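For clarity, every value in this text was computed on a predicted model and none was experimentally measured.
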Amino acid sequence: MATVFPTFEQVLSIPDPTEATVTSDLIDMNGHMNVVHYLYQGSVGADAVMKRVGVDTSYRSQRQMTMFTAEHHLVYLSELREGDKFSVHTRILGRTDKAVHLMTFLLDRGRERLSNTLEIMLLHVDLTARRAVAIPEDIAAGLDDYIARSAALDWPAPTCGAIALRR
């Protein structure tokens with residue numbers, strides 16, 4: 001069964017994107033943005049949402065907890081070239097008491113098309129013990145707000161099927 005990806009307009013319905021422009025230092029020998037920068041920009045989009053729910057520098061330093069990436073899956077749909085403007089939109093798909101499943105969508109703003117998706121599984125980690133621990137209630141509430149927004153969208157996230165929350 002073929003994966004059905006959202007349209008440009010559908011992804012635009014996800015609020016608060018991060019935005020950037022492809023600069024010459026991001027270009028590889030094939031004349032388009034290097035693969036590592038798609039991963040980086042998706043991570044920037046995911047980090048922005050995590051900061052909005054409270055997982056930020058002060059959270060790490062004061063509470064000694066953070067999110068670690070456990071798994072990710074990248075899909076490349078169209079290239080970005082030098083000078084192209086893009087935005088990264090993030091959906092939080094679900095969570096357990098210790099894990100968060102999310103997906104970022106990188107839009108080529110000039111050509112109005114989806115360029116890349118990044119599916120990520122995050123684990124909530126105690127930085128002292130270096131082990132997964134339960135997400136505190138205040139952070140969980142913020143995540144749940146994003147999960148509700150994602151569930152309200154009228155299109156399914158095109159997940160890879162290999163990354164899933166374990167209950």
Side-chain angles (χ1 to χ4, degrees), residues 1-23 25-28 30-56 66-82 84-96 98-125 132 135 139 142-166:
M1 186 164 136
T3 301
V4 177
F5 290 95
T7 65
F8 179 84
E9 291 76 19
Q10 286 173 316
V11 175
L12 280 177
S13 68
I14 302 171
D16 304 321
T18 59
E19 297 180 359
T21 301
V22 179
T23 55
D25 58 313
L26 305 181
I27 301 300
D28 67 13
N30 295 315
H32 54 221
M33 189 162 80
N34 185 280
V35 75
V36 71
H37 301 296
Y38 288 90
L39 175 60
Y40 174 76
Q41 292 298 333
S43 295
V44 168
D47 286 347
V49 170
M50 288 298 111
K51 287 176 185 171
R52 286 187 206 112
V53 300
V55 181
D56 56 15
T66 193
M67 295 285 184
F68 281 5
T69 299
E71 204 171 346
H72 64 260
H73 179 80
L74 289 153
V75 176
Y76 303 95
L77 300 163
S78 64
E79 67 180 357
L80 288 170
R81 302 189 69 183
E82 186 174 348
D84 288 344
K85 295 184 182 320
F86 63 89
S87 56
V88 180
H89 304 255
T90 303
R91 280 181 79 165
I92 300 180
L93 305 175
R95 73 170 185 87
T96 64
K98 297 178 183 177
V100 178
H101 185 199
L102 62 88
M103 196 162 193
T104 67
F105 302 85
L106 194 152
L107 290 180
D108 177 339
R109 299 307 290 257
R111 292 176 197 83
E112 296 188 355
R113 64 187 181 187
L114 180 61
S115 182
N116 167 266
T117 64
L118 172 62
E119 186 176 356
I120 306 171
M121 182 66 68
L122 298 173
L123 293 178
H124 186 257
V125 173
I135 300 167
I139 302 301
L143 292 168
D144 290 344
D145 286 344
Y146 274 91
I147 293 165
R149 287 184 223 172
S150 178
L153 294 172
D154 65 355
W155 51 277
T159 59
C160 69
I163 298 174
L165 293 166
R166 289 184 256 169

Hey, what do you get for [atom1] ([X]) to [atom2] ([Y]), rounding to the nearest 0.5 Å?
X	Y	atom1	atom2	answer
Thr117	His89	OG1	NE2	13.5 Å
Asp84	Thr23	CG	OG1	11.5 Å
Leu143	Ile92	CG	CD1	5.0 Å
Leu80	Asn34	CG	CG	12.0 Å
Leu26	Arg81	CG	CZ	14.0 Å
Met50	Thr90	CE	OG1	8.5 Å

Between [Y] and [X], is there a side-chain heavy-atom distance shorter than 4.5 Å?
X	Y	result
Leu39	His72	yes
Leu12	Leu107	yes
Thr69	Leu122	yes
Phe105	Val88	no
Val35	Tyr76	yes
Glu19	Arg109	yes
Val100	His124	no
Asn116	Leu74	yes

Please give me the minimum heavy-atom distance between [X] and [Y], naming the atom from each residue.
X	Y	value
Leu93	Met103	CD1-CB, 4.1 Å
Ala46	Ile120	CB-CD1, 4.0 Å
Ile163	Glu71	CG1-OE2, 3.5 Å
Ile27	Val22	CD1-CG1, 3.6 Å
Leu123	Ala99	CD2-CB, 3.8 Å
Leu153	Ile14	CD1-CG1, 3.9 Å

Do any N or O atoms from the side chain of Ser78 and from the backbone of Leu114 form a donor-acceptor pair under 3.5 angstrom? yes
Pairwise side-chain hydrogen bond (donor to acceptor under 3.5 Å, both in side chains) hits with a residue in residues 143-152, at least two apart: Arg91-Ser150, Arg95-Asp144
Which residue pairs satisfy the side-chain hydrogen bond (donor to acceptor under 3.5 Å, both in side chains) criterion with at least one member in residues 47-56, sequence neighbours excluded? Asp56-Ser58
Could you walk me through whether Tyr38 and Leu106 satisfy the side chain to side chain contact (heavy atoms under 4.5 Å, CB included) test, starting with their C-alpha distance in whole Å, then the side-chain angles of each, then the deciding distance to 0.1 Å, before giving a yes or no? CA-CA 8 Å; Tyr38 288 90; Leu106 194 152; 4.1 Å; yes
Going by salt bridge (charged side-chain N to carboxylate O under 4.0 Å, His left out), name the residues that satisfy it together with Asp108, two or more places apart in sequence or in a different chain. Arg111, Arg113
Those residues that, when tested against Phe5, pass ring pair (Phe, Tyr, Trp, His ring centres under 6.0 Å) (two or more places apart): none
Verify whether one side chain among His32 and Glu82 offers a donor that lies under 3.5 Å from an acceptor in the other. no
Only counting residues at least two apart or in another chain, list the ones meeting side-chain contact (heavy atoms from CB on, under 4.5 Å) with Val44. Thr18, Tyr40, Gln41
Only counting residues at least two apart or in another chain, list the ones meeting side-chain contact (heavy atoms from CB on, under 4.5 Å) with Gln10. Pro6, Thr7, Asp154, Trp155
